[in-house]
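I have placed the structure first, in the form of structure tokens, so that the comments after it can refer back to it.
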Amino acid sequence: MAERRSAAGEALGRVSEWADGHLGLLRSLSAGLAAAGLLLLARSVRLTTKFTNAVDIPVEFIEKNVKLRGKIHHVTEKGLEVEHIPITIPIVTSIQRKWQSKGLLLVRLAGVELAPSGVVWLQKELKPSQMVWFQLLGREDLALECRVLVNKGRFLSVCLNEEILRQGLGRTARIEGLHHDSRLYWKLHKRLLRAELKALKKNKGIWQEESFSERVRDRISNNKCVQTLKQFVNWLRSY
């Protein structure tokens, strides 16, 4: 029994000596295995993948209404051109950059029909390279229907979809990609309608223009000369 213990102790001592002598190799192996494990995990859930095309985004991301982070490049009549900024993980991100392609995502404000003045407002408000969060609600062709959030301070974020309507720079529209009978659809749609109602009550933006034109039409129709002219035209027609 004593001999067995002595042999086991000697073997353990040799293993320890070898481990001490090859400590750098063991650390490199463990780091490599950890990086490989993280890479497999990241690729499986697509956490660190940089999306450069709307069709590359997994269907489950849209179905689960995942929020992605991005950097504004351009504001056009078609929507926001955004560079997707994925989650960064040490080692994994540096490896993935080698095969990631370049490209911008076309992000549209879901549930909003932008007026031309709304595009101008966005171009002034959104600075190049400004960071935004966009929640995936739907996908149509090469465009993403999203709820876009901009940070306005440490603890405050503004929803651009609602802010556009609150400023009277657009109208509410159908939220593409969401089912009409879903809770999320009606939750977001109600918020958009409330924002539009605020602009309507205050006659802001397009609602001010419409109310002004309505007043002009009313004054013209109530003018005595116009009424006399209408009567004369109706008399000629009947005659």
Treat each ILVMFWY residue as a node, draw an edge where side-chain heavy atoms are under 4.5 Å apart, and state whether [X] and [Y] are in one component.
X	Y	value
Leu193	Leu160	no
Val75	Leu106	no
Val150	Leu109	yes

TODO: Could you tell me how the ring of His84 sits relative to the ring of Phe51: parallel (under 30°), tilted (30 to 60°) or perpendicular (over 60°)?
DONE: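 Answer is parallel, since the angle falls under 30°.
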Open item on the list: Which residues pass the ring pair (Phe, Tyr, Trp, His ring centres under 6.0 Å) test with Trp133, not counting sequence neighbours?
Closed with: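 Ring pair (Phe, Tyr, Trp, His ring centres under 6.0 Å) list for Trp133, sorted by chain: empty.
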Open item on the list: Rounded at 0.5 Å granularity, tell me how far NE2 in His189 sits from OG1 in Thr172.
Closed with: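 That separation rounds to 5.5 Å.
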Open item on the list: Could you measure the distance from the CE atom of Met131 to the CD1 atom of Ile72? Nearest 0.5 Å is fine.
Closed with: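 One gets 9.5 Å once the value is rounded to the nearest 0.5 Å.
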Task: Partner of Leu137 under side-chain contact (heavy atoms from CB on, under 4.5 Å), chosen from Ile62, Asn65, Asn161 - done: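 Answer to the side-chain contact (heavy atoms from CB on, under 4.5 Å) test with Leu137 among Ile62, Asn65, Asn161: Asn65.
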Open item on the list: Consider side-chain contact (heavy atoms from CB on, under 4.5 Å). Of Ile206, Val120, Ile164, which one does Leu169 pass it with?
Closed with: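 Only one of Ile206, Val120, Ile164 forms a side-chain contact (heavy atoms from CB on, under 4.5 Å) with Leu169, namely Ile164.
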TODO: Start with the C-alpha gap between Glu140 and Arg108, add the side-chain angles, then the distance that decides, and say whether salt bridge (charged side-chain N to carboxylate O under 4.0 Å, His left out) holds.
DONE: CA-CA 10 Å; Glu140 187 177 2; Arg108 291 198 297 228; 3.1 Å; yes
- [ ] For atom NE2 of His180, decide whether the heavy atoms of other residues, nucleotides or ligands shown that lie under 6.0 angstrom number more than 12.
- [x]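 Result for NE2/His180: enclosed.
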- [ ] Kindly say whether Glu81 contributes a backbone atom to a donor-acceptor pair with the side chain of His73 at under 3.5 angstrom?
- [x]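 Not at all, since once roles are kept as given, no pair shorter than 3.5 Å links the two residues.
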- [ ] Decide side chain to side chain contact (heavy atoms under 4.5 Å, CB included) for Arg139 and Phe61; before the verdict, give the C-alpha distance in whole Å, the side-chain angles of both, and the deciding distance to 0.1 Å.
- [x] CA-CA 11 Å; Arg139 176 170 52 195; Phe61 273 42; over 6 Å; no
Open item on the list: Between Glu162 and Arg194, does the salt bridge (charged side-chain N to carboxylate O under 4.0 Å, His left out) criterion hold? Intermediate values first, please.
Closed with: CA-CA 9 Å; Glu162 297 175 25; Arg194 288 195 195 102; over 6 Å; no
